[in-house]
Amino acid sequence: RATANQALGLRICCLLFALLPLAGYAQSKGMSDKLTADFHKTRRDELRKIMPAKSVAVFFANPERNRSADGFYKYHPDPNFFYLTGLREPNAVLFVFKDMQNINNETFNELIFVRQHNALKELYDGARLGKEGARDQLKFKVAYEGPDFKNYPIDFSTYDKVIFYDFHDDVRDMPESSDLYELIEQFKQKVGYQKKEMNVAIEPKKNNIDLVALDPLMKKLRGIKTPE
């Protein structure tokens, strides 16, 4: 009997060890993070104040990193993305607008697209926040899920500046629909992004993309200490 109990205990330990890397993929409702949704919203408001006129700032979540064929390292959110949203999940994109927008009969100055719900994956990885959670828990007035981004009617040509960090082509195309890779590729098409080394035109076409301004803006914002 002792041998049987030891074997059972070993199997339970192995199972718990196998599930451990999954921790952190879901946005825990009871997380111990002391930063409130109001803190993150205030940070977005402060960023908006120092953004250039008629601009939009774009932030992507960190990619997931494979550890093996079917396993991942524990997910770590992008520091700036988390600072502005409080979201701990991958496959998301945030837009902070300098001015109020009116799109699809909705008025807003910030917009987020988060991971779509997936009953099977949530069974193993934990519950996902979804657009409802982004509205209720993160205090975004307007929030959608990843698949909605492809056909969402943002006309980036109407802004004087579209500000974001340059891409380094280090994001893998994962099996899940509307993953970070797809969000980035869709954004590139919408904004008319081209790698400099790929542009062989004699006189490159002018656009409103700014790959430089965001870093000093975030350094200035995060350099100001606030009560947390």
Does the side chain of V171 reach to within under 4.5 Å of the side chain of F60, using non-hydrogen atoms?
no

Which atom of A134 lies closest to which atom of A143, heavy atoms considered
CB-CB, 3.7 Å

dist N80:CG -> N62:CG (nearest 0.5 Å) comes out at 10.0 Å

Hey, are D45 and K49 close enough for a salt bridge, meaning a charged N less than 4.0 Å from a carboxylate O?
no

Partner residues of R135 under the salt bridge (charged side-chain N to carboxylate O under 4.0 Å, His left out) criterion, sequence neighbours left out
none

Working to the nearest 0.5 angstrom, can you tell me the gap between F97 CZ and M51 CE?
8.5 Å

Distance, nearest 0.5 Å, that separates NZ of K139 from OG1 of T42
9.0 Å

Please give me the minimum heavy-atom distance between F81 and A92, naming the atom from each residue.
CZ-CB, 3.7 Å

For Y165, which residues count as a ring pair (Phe, Tyr, Trp, His ring centres under 6.0 Å) partner, sequence neighbours excluded?
none

For the pair F187 and F95, name the ring-plane relationship: parallel under 30°, tilted 30 to 60°, perpendicular over 60°.
tilted

Salt-bridge present (R48, E110; N to O < 4.0 Å)
yes

At their closest point, which heavy atom of G192 faces which heavy atom of N207, and how far apart are they?
O-ND2, 4.3 Å

Any heavy-atom pair between the side chains of P63 and R172 that's under 4.5 Å?
no

Is a salt bridge present between D99 and K54, judged by a nitrogen-to-oxygen distance below 4.0 Å?
no

Starting from the C-alpha separation in whole Å, work towards a yes-or-no answer on side-chain contact (heavy atoms from CB on, under 4.5 Å) for L138 and H40.
CA-CA 8 Å; L138 304 184; H40 299 293; over 6 Å; no

So, R44 versus N109: side-chain donor-acceptor pair below 3.5 Å or not?
no

Are any of the side-chain heavy atoms of L35 and F82 separated by less than 4.5 Å?
yes

Distance-only donor-acceptor hits, side chain of residues 148-156, under 3.5 Å, sequence neighbours excluded:
unit_1: D148; atom_1: OD2; unit_2: E145; atom_2: N; d: 3.2
unit_1: D155; atom_1: OD1; unit_2: S157; atom_2: N; d: 3.1
unit_1: D155; atom_1: OD1; unit_2: S157; atom_2: OG; d: 2.5
unit_1: D155; atom_1: OD2; unit_2: S157; atom_2: OG; d: 3.3

Partners passing side-chain hydrogen bond (donor to acceptor under 3.5 Å, both in side chains) against D160 (at least two apart in sequence or in another chain):
none

Ignoring hydrogens, what is the shortest heavy-atom contact between D210 and V212? Give both atom names and the distance.
OD1-N, 2.9 Å

Any heavy-atom pair between the side chains of E122 and R115 that's under 4.5 Å?
no

Shortest non-hydrogen contact from A57 toward L214:
CB-CD1, 4.2 Å

Let me confirm one number: the CZ-OG1 distance from F59 to T85, rounded to the nearest 0.5 Å.
10.0 Å

Measure across S55 and P52 and return the closest heavy-atom pair with its distance rounded to 0.1 Å.
OG-O, 2.6 Å

If a pair satisfies salt bridge (charged side-chain N to carboxylate O under 4.0 Å, His left out) and one of its residues is in residues 181-190, list it, with sequence neighbours excluded.
D169-K188, E185-K188

Please evaluate residues F108 and I103 with respect to the criterion side-chain contact (heavy atoms from CB on, under 4.5 Å), reporting the C-alpha separation (whole Å), side-chain torsions for both, the decisive distance (0.1 Å), and the verdict.
CA-CA 8 Å; F108 55 88; I103 303 176; 3.9 Å; yes

Walk me through whether M218 and L84 qualify under side-chain contact (heavy atoms from CB on, under 4.5 Å).
CA-CA 10 Å; M218 290 306 299; L84 294 170; 4.1 Å; yes

Taking C-beta and beyond as the side chain, do I209 and Y193 meet within less than 4.5 Å on heavy atoms?
yes

Are the side chains of Q189 and Q186 in touch, meaning some heavy atoms are under 4.5 Å apart?
no

I'd like to know if the side chain of D179 and the backbone of M174 have a donor-acceptor N/O pair within less than 3.5 Å.
yes

For Y144 and V93: C-alpha separation, side-chain torsions, deciding distance, then whether side-chain contact (heavy atoms from CB on, under 4.5 Å) applies.
CA-CA 10 Å; Y144 291 91; V93 57; over 6 Å; no

Just wondering, do L47 and R43 contact through their side chains at under 4.5 Å, heavy atoms?
no

Which residues satisfy the side-chain hydrogen bond (donor to acceptor under 3.5 Å, both in side chains) test with N118, sequence neighbours excluded?
none

CZ of F167 to CD1 of I184, rounded to nearest 0.5 Å, is 5.0 Å

Side chains of E64 and Y75: does their closest heavy-atom pair fall under 4.5 Å?
yes

Is the closest basic N to carboxylate O distance between K121 and E89 below 4.0 Å?
no

Rounded to the nearest 0.5 Å, the CD atom of E176 sits from the CG atom of N91 at a distance of 6.0 Å

Are the side chain of N104 and the backbone of E106 linked by a donor-acceptor contact shorter than 3.5 Å?
no

Is a donor on one side and an acceptor on the other found under 3.5 Å between the side chain of D166 and the backbone of L211?
no

